[in-house]
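In what follows, chains carry the letters A, B, and so on, assigned in the order in which the sequence lines appear, proteins first and then strands, with residues in each chain numbered from 1.
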Amino acid sequence: MALKSANNPQDILIESLDGIYLVDAGAGTGKTYSIVRRYGNLLDKKVKPEEILLITFSRNAAEQMKDEVITNLSGKISISRLLEAPIMTFHSFCSKVIKSAGTDSPLTMGINENISGNFDILEEKTIERELFRRFYFTFRKNNSKGFEEIFQSLENKIDDVLSMIKKLCSKGIFPGKKSWNESDLASLTGNFERFSEEFDRLNAPKPGKKKDVVNNDISISFKKLIREKLYLEIDESKIFNEHVLNPDSKEYIFFDDSQKNFIEFFRRVYISYIEFLLKKNMLNYEFLVMFAYISILKNQNFRKKIQYRYVMIDEFQDTDEIQFKLIMLLCKNINDTANLCVVGDWKQGIYGFRNTNIKNITDFSENLTAYKNELNSTEKIIEYDVTKHKRIIFENNYRSSKLILNFSKDTLLIKATKNEEPDSEFVKKFFENPLLPMRKLDDMTEINFYEAEDKSSEYNLLIQKISELVNENKKYKIREFDKDGNSIERNVRYSDICVLSRNRNFCLEFQREALKQDIPVNYSGGMEIFLSEQGILVNAWLKLLLNDRDISGWLPVLDKEGYAYSEINKFAEILVKESSGNTLYNSYPDEKLGNFLNHLKNNSSDIQFAAGTVLNRYGFDDAVSIKITEVISNWINSGLTSLSDIVRLIDNSSDDEFSIDYGDISDAVLTQTIHKSKGLEYPVVIIANMNVKVFPDTKGEQGVISFVDNAGLRLKTQFGFNGKYYYKFSNWHTDFTNAVLKQKDYDEERRLLYVAVTRAKQYLFFTSYSPSIFFTELSEKSGIRAENDFSYGVLPVKTAKISEAISIPKPHKKENQVKLVSVHSLMEKHEQDIAESFKSGNDFEFRKSLGSAEKGILIHRLAQKLAAGIEIESKLPEVNKIKKFLQGLNSSKLMSEVNIIYPKDNEVIRGTIDLLAFYEDKIVIYDYKTDESKNNLPKYKIQMNIYKECLQQIYADKPVECKIYFLTLDEFVDV
DNA sequence: GTTGGTTCACTTTTT
DNA sequence: GTGAACCAAC
């Protein structure tokens with residue numbers, strides 16, 4: 001460890017106890033160590049442990065911090081007092097706050113509902129989504145008046161509504177019972193002034209162009225939007241002025257009449273959801289922080305009581321806006337100042353998607369002032385002075401070699417796309433010098449780049465490189481340091497190596513490939529457990545338990561049993577025939593499987609038993625299987641007790657990930673995502689999968705609701721009538737406003753790269769098969785050329801049969817399974833051909849005709865009721881036509897909305913037939929269409945022929961006819 | 001050089 | 001559904 005000196009920033013921090021401090025603690029600079037020593041110094045100064053609040057973000061970090069404090073400081077004060085000291089996570093602190101004084105805090109929002117002391121926290125995403133869905137359907141029923149168009153525009157994007165609620169909450173925007181508060185409403189509405197400034201800046205002609213008036217980027221992107229999307233009521237002549245944009249169109253673009261109603265709608269969903277959860281005695285993590293914040297803010301007595309003399313916050317780059325404000329409320333005013341110490345590293349802020357904000361650190365000073373003003377707007381709540389604070393920078397790095405530290409600075413300064421430039425001024429301002437290496441590793445360090453030919457050779461390359469590292473003991477050595485800085489050298493072990501990737505799938509696939517070649521690899525991180533073989537089989541059997549004629553249950557089961565495709569097909573056909581009403585086949589396809597199903601049925605009330613028995617049957621007992629049973633029993637404990645609940649939940653959450661440690665080989669390479677690796681360190685780091693479209697990730701924002709700074713809260717879609725059809729159009733106000741105000745930035749991708757690189761102590765390698773710009777830029781900037789002919793003989797680990805020790809998960813992608821496709825998706829394939837033929841004519845007409853779906857769905861629903869003999873009053877002319885049509889049918893039997901499942905080629909087709917009429921000598925398929933023209937007839941014929949082909953096989957004894965009824969035209973067409 | 005069309009690959013995780 | 005890369009056409 002470095003010598004104690006007045007110049008060492010660590011020592012400065014440890015001695016600086018009073019006042020506000022922002023500690024910029026880079027990677028590997030001994031942050032935890034310093035915090036513990038500072039804590040010790042406070043105890044030396046006779047500060048009581050209960051007067052020091054120490055907050056971290058994760059449970060692990062909190063536990064570790066408490067352990068360190070107890071281990072190092074128990075000489076100064078009794079262990080029992082340290083055990084009770086407030087050293088905890090942010091959320092457990094909030095939970096404590098609510099339990100002690102926040103139970104009536106909903107009242108301040110106008111909600112007549114207390115939080116009971118023993119509330120539950122919604123920990124699992126899947127369960128919260130399921131609850132929210134249930135809430136939403138009731139909400140929709142009760143609030144259809146005035147919001148019909150919004151519900152139509154949102155369609156079934158229920159998850160988007162939930163994530164926006166959470167986003168607003170973490171930004172400190174809370175709903176009121178009757179209205180938004182003024183400043184929240186302002187940020188939800190947006191800021192026209194700022195829009196206007198940005199618009200003018202972007203609309204200036206590009207310098208250096210030939211012509212006087214030329215297209216600028218913003219007009220190009222507007223034109224592209226118009227070309228590609230379908231907009232309602234947009235007057236292009238108002239916006240475009242030759243090639244640039246008309247500056248007078250700013251108001252026209254920015255102000256959207258429907259926005260006000262949407263913001264009001266959103267307040268209602270938001271507050272109703274809070275009420276819904278409170279009634280169930282539940283809180284999610286966001287509402288937990290919200291209520292803690294509110295109860296401290298609104299209750300002066302309580303606030304005085306809960307404030308601390310000393311507050312220390314770790315991992316400050318992982319806080320969001322509301323957490324920053326809450327922290328300010330927790331500091332006691334002592335002699336006009338607060339004793340607040342926040343420690344973090346903005347360069348490692350990689351949780352933007354979770355609404356954390358690195359500006360909490362980079363704009364620390366401005367935020368302190370702004371939040372103080374905001375909190376004090378009605379009464380004086382923050383009394384201490386926020387203008388005086390010090391910034392302490394930790395620059396001594398106790399982890400990596402000089403080579404790696406110098407290299408790491410480049411990661412923040414490289415381009416992420418061809419035409420993008422990083423903000424080097426910003427980086428210079430907050431990260432002037434590379435960290436100083438405290439470890440002598442210069443004789444044992446290396447950075448290298450490797451390029452493979454394709455995906456599978458990248459896996460092989462990794463495996464070979466790992467083999468080389470472990471076996472070439474002269475070339476690679478690990479140097480370890482003890483507490484006094486003395487070092488020893490030894491050979492590389494598998495467990496010294498970490499393979500990092502931007503995404504999870506690469507890690508899991510790499511693990512599988514490595515295990516095949518007997519190279520030991522463990523994985524730690526999230527996994528879509530219900531898409532694993534284990535998950536798919538459990539889901540399948542549960543489906544069969546619910547309904548033993550369910551084809552989607554039988555497919556994976558028969559596949560696993562080794563049935564040939566043609567045999568599976570045969571059975572599927574039988575089920576199809578049965579689904580049309582006749583039971584043709586009463587037994588199971590396989591006696592063994594039937595017996596097993598009966599075994600499950602005998603215990604069918606016990607879902608956990610069923611899941612466990614299924615996993616047992618196939619001999620699964622690995623981490624994935626354990627997680628599956630754990631998750632299912634969690635669901636059951638949360639009140640989702642029926643089999644159909646569970647089956648639906650698995651279907652809905654198949655792409656939800658659950659955290660697992662996969663593989664427990666003692667000496668093994670670890671593979672994980674970069675996010676997961678934050679806070680850890682390894683002698684050897686291989687950053688793999690540096691491929692285009694993967695890292696940097698270029699995926700844009702998704703979701704139907706957008707909330708962009710200064711643009712406000714807006715809906716991306718708009719339901720309306722274009723003179724001919726009701727249709728869900730894109731909202732051009734939203735698209736255009738966001739095109740001006742929302743800039744895609746890659747800073748977080750660069751920080752992610754920074755995190756990855758700074759994990760490495762001695763050896764750092766990059767691999768890729770389709771090099772991304774990060775890969776090439778880093779290689780170029782560092783002057784290290786990528787090798788593309790690396791090879792090394794793999795030496796398998798002979799001591800253990802690793803591939804048998806743990807079962808290897810099957811590929812995630814369902815490509816090996818029988819595909820289920822809808823008739824409509826088949827039609828879409830043909831649409832491309834039809835689109836070709838429309839190209840010369842009117843493409844717009846073609847697209848518009850696809851959009852009449854809304855009305856069509858309504859009519860189909862009514863038609864189903866009519867066929868079932870239910871009387872309906874309706875003003876729609878189509879309904880009367882259907883009535884008349886049905887009366888004149890004269891058939892012996894009618895079936896409406898007949899679901900068909902039909903195996904064809906390599907796919908299983910699903911679809912719904914509107915109406916089947918049975919006659920003595922024939923069967924007729926009727927399909928209603930609400931089009932106003934017969935333009936789509938070729939497409940519909942494809943659909944009809946599929947139905948016909950399917951039906952003809954089931955009823956081979958009678959001819960099947962097919963008729964399309966164009967309701968609007970009142971015309972029948974034979975197919 | 002600019003523009004437009006087509007193709008390609010698809011997230012990260014903690015409380 | 002989306003942004004970037006690539007390519008062909010002016």
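- A:Lys699 has no side-chain polar atom (N or O) that falls below the 4.0 Å cut-off from OP1 or OP2 of B:dC8.
- Using a 4.0 Å heavy-atom distance criterion, A:Glu657 is classed as a base contact.
- The nearest whole Å value for the distance from the NZ atom in A:Lys676 to the C1' atom in B:dT12 is 12 Å.
- The base of B:dT15 has none of its N or O atoms less than 3.5 Å from a complementary donor or acceptor on the side chain of A:Arg59.
- In this pair, A:Trp635 and A:Phe530 present their aromatic rings parallel. The plane angle is below 30°, not in the 30 to 60° band.
- Here B:dT11 is the nucleotide among C:dA5, B:dT11, B:dT15 with the atom lying nearest to any side-chain atom of A:Gln702.
- Residue A:Asn503 places its side chain closer to B:dT12 than to any other of C:dA4, B:dT12, B:dT13.
- As rounded to whole Å, 20 Å separates atom C1' of B:dT12 from atom OH of A:Tyr754.
- Along DNA chain C, the nucleotide nearest A:Thr417 and the nucleotide nearest A:Asp735 are compared for position; the residue whose nucleotide lies closer to the 5' end is A:Asp735.
- No side-chain heavy atom of A:Leu162 sits less than 4.5 Å from a side-chain heavy atom of A:Lys125.
- Proximity note for A:Thr673 (side chain, C-beta onward) versus B:dT14, B:dT12, B:dC10: the nearest is B:dT12.
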Side chain to side chain donor-acceptor pair (under 3.5 Å) between A:Glu315 and A:Gln317, worked out:
CA-CA 5 Å; A:Glu315 303 284 3; A:Gln317 76 280 355; 2.7 Å; yes
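- The nearest whole Å value for the distance from the CG atom in A:Leu508 to the C1' atom in B:dT11 is 14 Å.
- Taking atom CG of residue A:Asn738 and atom C1' of nucleotide C:dT2, one finds them 14 Å apart after rounding to whole Å.
- For the pair A:Asn689 CG and B:dT12 P, the interatomic distance rounds to 11 Å; values are reported in whole Å.
- A:Ile218 approaches A:Ala739 most closely through the heavy-atom pair CD1-O, 3.6 Å.
- Here B:dT15 presents its C1' atom at 16 Å from CE of A:Met290, a figure rounded to the nearest Å.
- Between A:Arg504 and B:dT11, a side-chain N or O to OP1/OP2 separation shorter than 4.0 Å is absent.
- Heavy-atom distances to DNA chain B give each of A:Lys224 and A:Tyr285 a nearest nucleotide, and the one nearer the 5′ end belongs to A:Lys224.
- Residue contacts shown for A:Val289 are absent, as no nucleic acid heavy atom lies under 4.0 Å away.
- Ring geometry for A:Tyr273 versus A:Phe132: interplanar angle over 60°, hence perpendicular rather than tilted (30 to 60°).
- Heavy atoms of A:Tyr746 sit under 4.0 angstrom from primed sugar atoms or phosphate atoms, though from no base atom.
- When the side-chain nitrogen and oxygen atoms of A:Arg502 are compared with OP1 and OP2 of B:dC10, none of them lie within a distance under 4.0 Å.
- In this structure, A:Leu500 atom CG and B:dT13 atom P are separated by 12 Å, rounded to whole Å.
- Inter-residue side-chain proximity for A:Phe174 and A:Tyr270 is flagged as met; some heavy-atom pair is nearer than 4.5 Å.
- Contact annotation for A:Tyr351: backbone-only contact, meaning every heavy-atom pair under 4.0 Å involves sugar-phosphate atoms and none involves a base.
- Within the 4.0 angstrom heavy-atom criterion, base atoms lie near A:Asp697.
- If you check B:dT3, B:dT13, B:dT15 against the side chain of A:Ile220, the one that comes closest is B:dT3.
- The interatomic distance linking A:Asn505 (CG) with B:dA9 (C1') rounds to 12 Å, in whole Å.
- Between the base of B:dC8 and the side chain of A:Lys693 there is a donor-acceptor pair shorter than 3.5 Å.
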